[in-house]
Protein chains: 2
Amino acid sequence: MSYFLRESQDVEPDPYQRNCGSRQVLDRIGDRWSVLVVLTLAHGGKRYGELAQRIDGVSQKMLTQTLRGLERDGLVSRTAHATVPPRVDYELTDLGRSLVDLVAGLEAWATGHLGEIEAARARYDAR
Amino acid sequence: MSYFLRESQDVEPDPYQRNCGSRQVLDRIGDRWSVLVVLTLAHGGKRYGELAQRIDGVSQKMLTQTLRGLERDGLVSRTAHATVPPRVDYELTDLGRSLVDLVAGLEAWATGHLGEIEAARARYDAR
DNA sequence: CTGCATCCCACACGATACTG
DNA sequence: CAGTATCGTGTGGGATGCAG
């Protein structure tokens with residue numbers, strides 16, 4: 001229980017530090033809409049409207065904003081077709097695909113442990 | 001392993017649906033402070049003050065709030081010692097530990113791809 | 001030391017209306 | 001269809017002060 005026990009691997013970019021860029025990355029991963037968009041696109045490219053329809057409860061504004069963010073971070077590519085009516089396709093980049101397994105793991109954990117968590121909440125609230 | 005999540009036979013909680021509980025779970029996982037707390041506690045139990053010191057930038061309010069949330073969800077256990085001055089220890093429960101690998105994977109991805117992401121951002125902003 | 005209470009405000013987000 | 005623009009508000013979260 002030595003309080004000066006130091007983990008030797010704490011040398012690299014450290015998300016515990018305030019301004020470390022990895023925090024920004026974690027923020028993006030943590031964003032609820034980003035996660036859902038990545039998950040949705042994991043099955044293959046989608047049009048804007050398909051995404052809006054598939055992701056229940058997302059507003060137009062948030063969907064666009066989320067897609068812009070993901071595009072800026074190089075996780076999603078955007079392809080606009082100059083047709084009438086317009087058509088815009090989104091798909092994951094290689095970088096985005098490298099994240100899918102992790103995010104899918106999160107979803108699996110969430111659904112898999114939902115029961116335990118709800119039970120814990122009920123227990124806590126009943127005290 | 002396919003990241004395409006298969007439909008299970010029972011009612012599947014679908015995070016794409018608005019009111020599904022798994023969204024709430026995802027929200028907790030996605031919370032920046034929750035992730036950092038879980039990561040910090042992964043190495044072993046910590047006192048309140050240690051957490052506050054270790055997690056740079058977290059306010060007292062948010063730390064307490066985050067710990068309550070994690071405790072409510074059954075991810076963290078809280079042990080208060082009736083001493084003077086008081087001492088409160090936090091540690092991961094089994095449920096909490098089951099999440100560590102996933103969250104650590106997220107952190108590893110974040111630090112590992114930080115360079116690519118920053119490059120992508122620079123490229124995007126320079127258009 | 002650990003935390004709850006209060007005040008306060010920036011900004012995240014939804015709703016709505018408009019456009020190429 | 002796929003956005004952009006604008007506005008109103010709810011609240012996340014910091015700062016401060018107090019208590020056990």
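Just so you know, these numbers use all the heavy atoms, side chains as well, and skip hydrogens, waters and symmetry mates. Naming convention: chains lettered A, B, ... in sequence-line order (proteins, then strands); numbering from 1 in each chain.
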(message) Taking only side-chain N and O atoms of B/Tyr90, does any of them lie within less than 4.0 angstrom of OP1 or OP2 on C/dG3?
(response) yes
(request) Working to the nearest 0.5 Å, report the span between CG of A/Leu26 and CG of B/Leu39. (result) 8.0 Å
(request) Would you please name every residue forming a ring-ring contact (aromatic ring centres under 6.0 Å, His included) with A/Trp109, sequence neighbours left out? (result) A/His113
(message) My understanding is that only residues two or more places apart in sequence, or in another chain, count here; which of them pass salt bridge (charged side-chain N to carboxylate O under 4.0 Å, His left out) with A/Arg123?
(response) none
(request) Between B/Arg68 and B/Arg47, just flag the one whose closest nucleotide in DNA chain C comes earlier from the 5' side. (result) B/Arg47
(message) If the condition is side-chain hydrogen bond (donor to acceptor under 3.5 Å, both in side chains), which residues does A/Arg78 pass it with, not counting sequence neighbours?
(response) A/Tyr90
(message) Can you list everything that forms a side-chain hydrogen bond (donor to acceptor under 3.5 Å, both in side chains) with B/Arg28? Sequence neighbours excluded, please.
(response) B/Ser34, B/Asp73
Could you tell me which residues satisfy side-chain contact (heavy atoms from CB on, under 4.5 Å) with [X], sequence neighbours excluded, listed by chain and number?
| X | answer |
| --- | --- |
| A/Arg87 | A/Arg47, A/His81, A/Thr83, A/Asp89 |
| A/Thr93 | A/Ser77, A/Leu95 |
| B/Gln65 | B/Lys61, B/Met62 |

Separation of [X] atom [atom1] from [N] atom [atom2], in whole Å?
| X | N | atom1 | atom2 | result |
| --- | --- | --- | --- | --- |
| B/Gln65 | C/dA5 | CD | P | 12 Å |
| A/Asp31 | C/dA12 | CG | P | 11 Å |
| A/Asp27 | C/dC11 | CG | P | 15 Å |
| A/Gln53 | D/dA2 | CD | P | 11 Å |
| A/Leu63 | C/dA12 | CG | P | 18 Å |

(message) Rounding to 10°, can you tell me the angle the first-five-pair axis of the helix from C/dC1-D/dG20 to C/dG20-D/dC1 makes with its last-five-pair axis?
(response) 50°
(request) Mark up nucleotides 14-20 of chain D, 5' to 3', with B wherever a protein heavy atom is under 4.0 angstrom from a base atom, S wherever such an atom reaches only the sugar-phosphate, and - elsewhere. (result) BB-B--B
